[in-house]
Amino acid sequence: MLKRDLIMKIVMKFGGTSVGNGKRISQVAQILKKYHDEGNQIVVVTSALSGVTDKLLDNAFFASTKGKVSLIKKFKTELTKKHHEAVKDAIDEPKVAKEVLQILDHRIEELEKALIGICYLGELTPRSIDYISSYGERLAAPIVSGAIRSLGIASTDYTGGEIGIITSSDYGNARPLEKTYELVKNRLECILGSQVIVITGFIGENENGIVTTLGRSGSDFTASILGASLKADEIWLWKEVNGIMTTDPRIIPEAKTIPQISYSEAMELSYFGANVLHPRTIEPAMRERIPVRVKNTFNPEFSGTLVVAEKFQCKHVVKAISLIKDVTLINVSGAEMAGAIGTVARLFTALANAGVNVVMISQGSSESNISFVVSEAHAKAALKALHAEFNREIVKEINSDENVCVIAVVGAGMAGTPGIAKRVFGALGNSMINIIMISQGSSQYNISFVVREEDAFAAVRILHDEFKLYNEN
Ligand code: ADP
Ligand code: ASP
Ligand code: MG
């Protein structure tokens, strides 16, 4: 049972497009005012303004490679302009605008110093990448909080670290430590009251107080961590789409919103590239069984998607199709691999030690061949680790192919329903689409396979048609 029409404690996250500029931030503030005025207790998580995280990363890279302070100065001017304009459009109260501008200017100065440091050192470490990329959210949160204050509602902004998100030191992909949940609960509960707290998404800090990030699109994950800590009634993720859809609407404009989906299905979808959610978003919500809603900032009355524990049976066995681009297929082979005990363990240990995340795996029954898919960003490290580990004994060949995509067909109803794989591969075969590799998760909620990049969009369309996902769920 959901607590509809009651006063609720809700964590609401707004993505980069939702807070893309001052006008949008003021729309966000209006949405928040509505729910606040209804008596709900709201905690807000904000992403960086759209495009800012990419720009920060690009400039950190340029600083380390080109070392030109003049480029940093130019970037500083652009970044200041973008955020000052946002303040002008989002905050009507001159006193509030002035306070926010002062905070922004101070933070931009800090950022400039760090970038100039990188210019001189010519070195960019994972730790400094996290520090630099954290500024997107650190500049957004004061503006969002100021926009709320300018509507007459008390609001304060904090960083993830300040509010108690303490993580591992895996820069770029940090995980919250268990103590985070207690710490966030204690800190947030004493300041919540009737004010709307705004927290930077995406960032935390390690036990030494060094800034870490939770991975790209990590603000979803922040919202879920905060929701679980607070035992919120619901977690709402406000995006630029009408919820979780049957496939990426950029690929198939007729894609439909999925009204209700289970945690496990949403997890499968987000692991397999439906970048509508950060892959780890569901875990914290699931541990406290908190419903997650995915809603559209630009269509706020629309109900969107509700993600819950129950496996909701709809008439579709397959619920959604997702596509992961930017992956590399690696194939490791050698006749002596068959029966060589421990080869697989060595292979995956070598990959894990190199920090490589494996998206999917398939081993032929002859055991002389293992194929797996890694994200393109990890491919170089994966190949280096494998060459170092095997050095031509046992493994004879290591090949890679980056012109591939992974497609996943997801739905809880697939478990135990015979004939789904036949329909998937039959439909693709009829259209002459070649399948390079197949893997079915043991949850049976997901069949994933690899196709050539040039076949990927057609394959998604064919499957979307085959399972009639353009019909209402
Ligand atoms: P955020 O505002 O949190 O950054 P995004 O805008 O990144 O959210 O998330 C929505 C994006 O995810 C859309 O641009 C959409 O094209 C893409 N997407 C991929 N697969 C799906 C899907 N199955 N349902 C909805 N959106 C999807
Ligand atoms: N700003 C970060 C990114 O662009 C995190 C997020 O938007 O959730 O990846
Ligand atoms: Mg995003």
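Order of listing sets the numbers, starting from 1, for every ligand and every atom in it. Side-chain atoms are counted along with the backbone in the values below, which use heavy atoms only and exclude waters and symmetry mates.
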Carefully, step by step, assess L139 and I143 under the rule side chain to side chain contact (heavy atoms under 4.5 Å, CB included). CA-CA 7 Å; L139 295 176; I143 309 179; 5.7 Å; no
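- Considering backbone and side-chain atoms alike, K239 places an N or O below 3.5 Å from some N or O of ligand 1.
- Proximity to S47 (heavy-atom distance under 4.0 Å) selects the following atoms of ligand 2: 6 (C), 7 (O), 8 (O).
- Using a non-hydrogen distance threshold of 4.0 Å, A320 does not register as a contact of ligand 1.
- Contact annotation for P249 and ligand 1: only side-chain heavy atoms (C-beta onward) come within less than 4.0 Å of the ligand.
- No heavy atom of H278 sits closer than 4.0 Å to any atom of ligand 2.
- For D220, no nitrogen or oxygen atom sits less than 3.5 Å from a nitrogen or oxygen atom of ligand 2, counting backbone and side chain alike.
- Contact between G15 and ligand 2 is absent, with no heavy atom of the residue lying under 4.0 Å from the ligand.
- Below 4.0 Å from some heavy atom of E240 lie the following atoms of ligand 1, by number and element: 6 (O), 14 (O).
- Using cut-offs of 30° and 60° on the angle between ring planes, the pair F449 and F425 is perpendicular.
- Listed by chain and residue number, D54 satisfy the side chain to side chain donor-acceptor pair (under 3.5 Å) test with R216 (two or more places apart in sequence, or in another chain).
- The one candidate from K239, H278, R280 that meets the side-chain hydrogen bond (donor to acceptor under 3.5 Å, both in side chains) condition with D220 is K239.
- The side chain to side chain donor-acceptor pair (under 3.5 Å) analysis of residues 78-87, with sequence neighbours excluded, yields the pairs H84-D105.
- Within the listing of ligand 1, atoms 1 (P), 3 (O) sit less than 4.0 angstrom from a heavy atom of K13.
- The distance from the CD1 atom of I91 to the OG atom of S145 is 8.5 Å, given to the nearest 0.5 Å.
- The backbone of T247, and not its side chain, has at least one atom closer than 4.0 Å to an atom of ligand 1 (non-hydrogen atoms only; backbone = N, CA, C, O).
- Side chains of L323 and T247 form no contact here, defined as non-hydrogen atoms less than 4.5 Å apart.
- The local environment of CZ in F302 is crowded, with over 12 non-hydrogen atoms from other residues, nucleotides or ligands closer than 6.0 Å.
- Of all the atoms in ligand 1, the ones that sit under 4.0 Å from a non-hydrogen atom of G243 are 24 (N), 25 (C).
- In this structure, G136 falls outside the shell of residues with a heavy atom less than 4.0 angstrom from ligand 2.
- Residue contacts with ligand 1: S18 is placed with no nitrogen or oxygen under 3.5 Å of a nitrogen or oxygen of the ligand (distance criterion only).
- Applying the 4.0 Å criterion to heavy atoms of R216 picks out, from ligand 2, the atoms 3 (C), 4 (O), 9 (O).
- No side-chain donor-acceptor contact under 3.5 Å links N21 and D89.
- Every atom of ligand 2 with a heavy atom of S217 under 4.0 Å away is listed here by number and element: 3 (C), 5 (C), 6 (C), 8 (O), 9 (O).
- Comparing S219, A223, S133 against atom 8 (O) of ligand 2, the shortest heavy-atom distance belongs to S219.
- A tilted orientation is assigned to the rings of W238 and W236, their planes being inclined by 30° to 60°.
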